[in-house]
Student: 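Mind having a look at this structure? Questions to follow.
Keep in mind that the numbers below use all heavy atoms, side chains included, and drop hydrogens, waters and symmetry copies.
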Protein chains: 2
Amino acid sequence: MKPVLEPEIASSSANSSPQNFHALEVESIDLFVRIAQFIGFPKSYGEIYGLLFTASQPLSLDDITLRLNMSKGSASQGLKALRGVHAVKITYVPGDRRDRFELEGNIRLLMQGFVQERLEPGIRDLGMRIDSLSLKVNELQNGEKKRYNDRLGKLRNWHKQAQKIMPAVERLLGG
Amino acid sequence: MKPVLEPEIASSSANSSPQNFHALEVESIDLFVRIAQFIGFPKSYGEIYGLLFTASQPLSLDDITLRLNMSKGSASQGLKALRGVHAVKITYVPGDRRDRFELEGNIRLLMQGFVQERLEPGIRDLGMRIDSLSLKVNELQNGEKKRYNDRLGKLRNWHKQAQKIMPAVERLLGG
DNA sequence: TATTTTGTTCAAAAAATATTGAACAAAATA
DNA sequence: TATTTTGTTCAATATTTTTTGAACAAAATA
């Protein structure tokens, strides 16, 4: 079965890149590549997301590799990761054996996934490290101990506030 | 003039790494290396910050390169960047020709710098791109236009909320 | 002024990260 | 069952980012 591609939109400004992209698609992909890099994802993830953002129907792995001129391996891994943060889902399309991919309805799911799977674990890990450091500092002699504790106190405080703000971030970005 | 190094802390658990680090220093540097990576800085920046965190007095460029076994170039660049986000400052020490570096008193300045110089500009840039995309979408035919605008609307909404939360993030992490 | 000390810059090297592509497994079809 | 289609994995390759180190400039000292 042949890949399902977007119908070319008739327009005098139609872009004629090697992949036959519409100018709008290019700009959309570009936007999501930046978002990806912003949150620390490889740019291929952003390309995939951007392509799906513009697509009028769920795309197959083939569509994606063809359109983006990307290896099957990359596309597979990227889709896996995007599914992992609930940014993309697999859709069943009757009469097609292949998986078809499309965006989760809500953009917020991308951000929610990011917050829950990267931001929060990161903050939690830092907390554990700060605690461990605090314990060791308590075994020092008085002078040293005071100096360390002054600085550690500020760090703990910062961390506590970072934790405190997390639910709000999640609620706003995810609401 | 010879480099100013930390006096070795007498302790049965004193670490004997090649650089003669105390276990506490190692853990502190490790912690800040993670924080650096977390916010997208090279790990050398974290090493420098971590070393300064444990230091009982301002350190010179020499101290830092010697202690961390890092090139002069790296140390210079790292310190420049850390000064750029107000995480580190230069202190004048009478009788020493060299610059001496120490942490800005408040940890929060590190985060404030990060928020102001990375997070906010990033969000702003995304906003401009989303606006540009919106303009182009308005030139499409009705069917296409609707489909795009549905998705773009969600994106705009997400972006608006990200902007809204920014001051709170800044206030909390920086207060 | 000549020499030394100190810090910066940037091209080249090293390290880290992302991408490819071929081998593989699983599922559908013939 | 044999063949084809589809998607995954991972070692090798390519790309990007970081680090080095030597050349340089500026400032202090002799």
Student: Between P on D:dG7 and CD1 on A:Ile90, what's the gap in Å once rounded to a whole number?
Tutor: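 Result: 8 Å.
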Student: Just the rounded figure in Å: distance from P of C:dC10 to CD of B:Gln77.
Tutor: 10 Å
Student: Sugar-phosphate atoms are those with a prime plus P, OP1 and OP2; base atoms are the rest. Using that split, label each nucleotide of nucleotides 22-28 of chain C B, S or - for protein heavy atoms under 4.0 Å, 5' to 3'.
Tutor: -----BS
Student: Starting at atom CZ of A:Arg98, determine the distance to atom C1' of C:dT29, rounded to an integer number of angstrom.
Tutor: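 Taking atom C1' of C:dT29 as the reference, CZ of A:Arg98 is at 15 Å.
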Student: I want to check something: taking the side chain as every heavy atom from C-beta on, are A:Ile123 and A:His159 in contact at a cut-off of under 4.5 Å?
Tutor: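 In contact.
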Student: A side-chain contact here means heavy atoms from C-beta on lying under 4.5 Å apart; do A:Ile48 and A:Ile29 qualify?
Tutor: no
Student: Stem ranges for DNA chain C, with three or more consecutive Watson-Crick or G-U pairs under 3.5 Å?
Tutor: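 Result, WC/G-U stems under 3.5 Å: C:1-30 with D:1-30.
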Student: My understanding is that only residues two or more places apart in sequence, or in another chain, count here; which of them pass salt bridge (Lys or Arg N to Asp or Glu O under 4.0 Å) with A:Lys146?
Tutor: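 Partners of A:Lys146 by the salt bridge (Lys or Arg N to Asp or Glu O under 4.0 Å) criterion, ordered by chain and then number, come out as A:Asp150.
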Student: Which pairs pass ring-ring contact (aromatic ring centres under 6.0 Å, His included) with one or both residues in residues 48-90 of chain A, sequence neighbours excluded?
Tutor: A:Phe32-A:Tyr49, A:Phe32-A:Phe53
Student: So do A:Phe21 and A:Leu68 actually touch side chain to side chain, heavy atoms under 4.5 Å?
Tutor: yes
Student: Same hydrophobic cluster for A:Leu66 and A:Val93, using side-chain heavy-atom links shorter than 4.5 Å among ILVMFWY?
Tutor: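 The answer is no; the residues belong to distinct hydrophobic clusters.
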Student: For A:Ile165, give me all partners under side chain to side chain contact (heavy atoms under 4.5 Å, CB included), at least two apart in sequence or on another chain.
Tutor: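 For A:Ile165 the side chain to side chain contact (heavy atoms under 4.5 Å, CB included) partners, ignoring immediate neighbours, are A:Val169, B:Val169, B:Leu172.
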Student: Would you please name every residue forming a side chain to side chain donor-acceptor pair (under 3.5 Å) with B:Thr91, sequence neighbours left out?
Tutor: B:Glu102
Student: Show me the pairs that pass salt bridge (Lys or Arg N to Asp or Glu O under 4.0 Å) and involve residues 80-90 of chain B, at least two apart or across chains.
Tutor: none
Student: Is the side chain of B:Ser74 donor-acceptor paired with the backbone N or O of B:Ser71 at a distance under 3.5 Å, no angle test?
Tutor: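 Checked: no pair found.
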Student: Rounded to whole Å, please give me the gap between CG in A:Asp63 and C1' in D:dG7.
Tutor: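 Atom-to-atom, A:Asp63 to D:dG7, this comes out as 14 Å.
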Student: For B:Gln116, check side chain to side chain donor-acceptor pair (under 3.5 Å) against everything at least two apart and list the hits.
Tutor: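 For B:Gln116 the side chain to side chain donor-acceptor pair (under 3.5 Å) partners, ignoring immediate neighbours, are B:Glu170.
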Student: What pairs meet the side-chain hydrogen bond (donor to acceptor under 3.5 Å, both in side chains) rule with one or both residues in residues 120-137 of chain A, with sequence neighbours excluded?
Tutor: A:Asp125-A:Arg129, A:Arg129-B:Asp30, A:Asp131-A:Arg156, A:Ser132-B:Glu27, A:Ser134-A:Arg156, A:Lys136-B:Glu27
Student: Of all the nucleotides listed (C:dT19, D:dT20, D:dG7), which has the minimum atom distance to the side chain of B:Ser71?
Tutor: D:dT20
Student: Please report, rounded to the nearest Å, how far the P atom of D:dT20 is from the CD1 atom of B:Ile64.
Tutor: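 Interatomic distance, CD1 of B:Ile64 to P of D:dT20: 14 Å.
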Student: Got a sec? Which of residues 29-45 of chain B come in under 4.0 Å of DNA chain D, heavy atoms?
Tutor: B:Pro42, B:Lys43, B:Ser44
Student: Could you tell me the separation between the CE atom of A:Met70 and the P atom of C:dG21, rounded to a whole number of Å?
Tutor: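 The answer, rounded to whole Å, is 12 Å.
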Student: Below 4.0 angstrom, which residues in residues 78-89 of chain A have at least one non-hydrogen atom near DNA chain D?
Tutor: A:Lys80, A:Arg83
Student: Using the side-chain heavy atoms of A:Asp62, tell me which of these nucleotides is nearest: D:dT19, D:dT8, D:dT6.
Tutor: D:dT6
Student: Would you call A:Arg67-A:Glu25 a salt bridge at under 4.0 Å N-O?
Tutor: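 The answer is yes: the pair qualifies as a salt bridge.
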Student: To the nearest Å, how far apart are B:Leu59 CG and C:dG7 C1'?
Tutor: 16 Å
Student: Using the test side chain to side chain contact (heavy atoms under 4.5 Å, CB included), find all partners of A:Ile39 that sit at least two apart in sequence or belong to another chain.
Tutor: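 Residues passing side chain to side chain contact (heavy atoms under 4.5 Å, CB included) with A:Ile39: A:Phe41, A:Phe114.
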Student: Give the rounded distance in Å between these two atoms: OH of A:Tyr92 and C1' of D:dG7.
Tutor: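 To the nearest whole Å, that distance equals 18 Å.
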